[in-house]
Amino acid sequence: MSSLVIDLFLLGIAYIILIYFVATMTKNSFRRKNDGGDDGDGGLEVSSPPKIDLPPGVIWPSDGPIRKHKHEPVEY
């Protein structure tokens with residue numbers, strides 16, 4: 001039973017030391033202010049959606065043929 005108590009005690013000490021090191025290493029990232037508005041993901045900002053490659057014969061409704069004139073109603 002005493003070896004279990006010693007193991008739990010050493011585990012607790014190791015946990016406290018680990019939490020201390022993690023807290024001190026991440027402290028600088030929390031203090032740093034990001035006034036530039038950069039979210040940190042890098043790359044170029046793309047505002048248009050990607051062009052999806054469709055199979056042959058399939059078109060988007062917005063790319064379909066445009067009717068230039070309306071048909072006049074026929075009078076009898």
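Since the structure is predicted, the reported quantities are computational estimates derived from the model, not experimental observations. Basis for what follows: all heavy atoms, side chains included, without hydrogens, waters or symmetry-related copies.
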Problem - Co-membership, hydrophobic cluster, residues Ile19 and Leu10, 4.5 Å side-chain - result: no
Exercise for the section: Decide whether Ile13 and Tyr20 are clustered together by the hydrophobic rule: side chain heavy atoms of Ile, Leu, Val, Met, Phe, Trp, Tyr closer than 4.5 Å, transitively. Expected result: yes
Handout entry: Joint cluster assignment, Ile16 & Leu8, ILVMFWY side-chain distance < 4.5 Å
Key = no
Problem - Path from Ile52 to Val58 over hydrophobic side-chain contacts below 4.5 Å - result: yes
